[in-house]
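Residue numbers count from 1 along this sequence. Bear in mind that the values here come from a model prediction, so they are computed numbers and not experimental data.
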Amino acid sequence: MGVVIIDGSTVRDFVNDEARFKKSVDETFSKLDLNNDGVLSRSELRKAFETLRLIETHFGVDVATPSEELTNLYDSIFDKFDCDRSGTVDLEEYRSELKMILLAIADGLGSSPIQMALEDDDQGFIKQAADLEASKLPQQPSSAGP
């Protein structure tokens, strides 16, 4: 597990790097599009959000959430992503909503740095934002021993 230090500008810079953001979102969309039809169904998007465990933990401790409450939550998330009400989420809708979510996270973080623990294999958007910021820092020369 690793620790990153981020603030709102870390996330905002990632979103504003259009090429990197687009590539990252496109890759994530492709992984979620299990049947490769170019759109996300309700169940495909739900699987993605289930991994986030939005309301199933309280400070790291599992709590039981009624399945009806979870279904209502995931349905409302899907409805927000399905901007044209077609019953599916296309890549542009997905990219647009993720951009708004990440910018809202950036606004919430503000300019006060926070420490965030991330899994070593995490390739989520926050980790990618932290990696982008780290890539801009001057590299420290490694000290060679005698």
* **D82 and R42, any side-chain heavy atoms less than 4.5 Å apart** => no
* Structure fact -> Smallest heavy-atom separation, F81 atom then I101 atom, equals CZ-CD1, 3.8 Å
* Asked: Nearest 0.5 Å, what's the CG-CG distance between D84 and D90?
  -> 6.0 Å
* For the atom pair OG (S67) and OH (Y74), what is the distance rounded to the nearest 0.5 Å? -> 11.5 Å
* Exercise: identify the closest heavy-atom pair between I5 and P113 -> CG2-CB, 3.8 Å
* Asked: Given side chains that start at C-beta, do those of V39 and V89 come closer than 4.5 Å, heavy atoms only?
  -> no
* Structure fact -> Sorted by chain and residue number, the salt bridge (charged side-chain N to carboxylate O under 4.0 Å, His left out) partners of R12 (sequence neighbours excluded) come out as D107
* Structure fact -> Sorted by chain and residue number, the side chain to side chain contact (heavy atoms under 4.5 Å, CB included) partners of N35 (sequence neighbours excluded) come out as D33, D37, E44
* To do: Any pair with a residue in residues 14-31 that passes salt bridge (Lys or Arg N to Asp or Glu O under 4.0 Å), sequence neighbours left out, goes on the list, sorted by first then second residue, please.
  => D17-R20, K22-D26, K23-E27, D26-R95
* Contact summary for E93 and T88, nearest pair of heavy atoms -> OE1-O, 3.3 Å
* Asked: Below 4.5 Å, heavy atoms only, C-beta onward: do E92 and C83 meet side chain to side chain?
  -> no
* Is any side-chain heavy atom of V3 closer than 4.5 Å to a side-chain heavy atom of M116? -> no
* All ring-ring contact (aromatic ring centres under 6.0 Å, His included) counterparts of F21, not counting sequence neighbours -> F14
* Any side-chain heavy-atom pair of I114 and I6 under 4.5 Å -> yes
* **Closest heavy-atom pair and its distance - F125, S24** => CE2-OG, 3.2 Å
* Structure fact -> CD1 of I126 to CG of D131, rounded to nearest 0.5 Å, is 11.5 Å
* To do: Side-chain contact test, heavy atoms from C-beta onward, threshold under 4.5 Å: evaluate it for L70 versus R46 and give yes or no.
  => yes
* **Worked verdict on K136 versus D13 for side-chain contact (heavy atoms from CB on, under 4.5 Å)** => CA-CA 11 Å; K136 294 177 181 178; D13 289 349; 4.1 Å; yes
* What is the distance from atom CG of L109 to atom OG of S9, rounded to the nearest 0.5 Å? -> 9.5 Å
* Partners of S112 by side chain to side chain contact (heavy atoms under 4.5 Å, CB included), sequence neighbours excluded? -> none
* Asked: Can you list the residues that meet the side chain to side chain contact (heavy atoms under 4.5 Å, CB included) rule with L32, with sequence neighbours excluded?
  -> T28, L40, A48, Y94
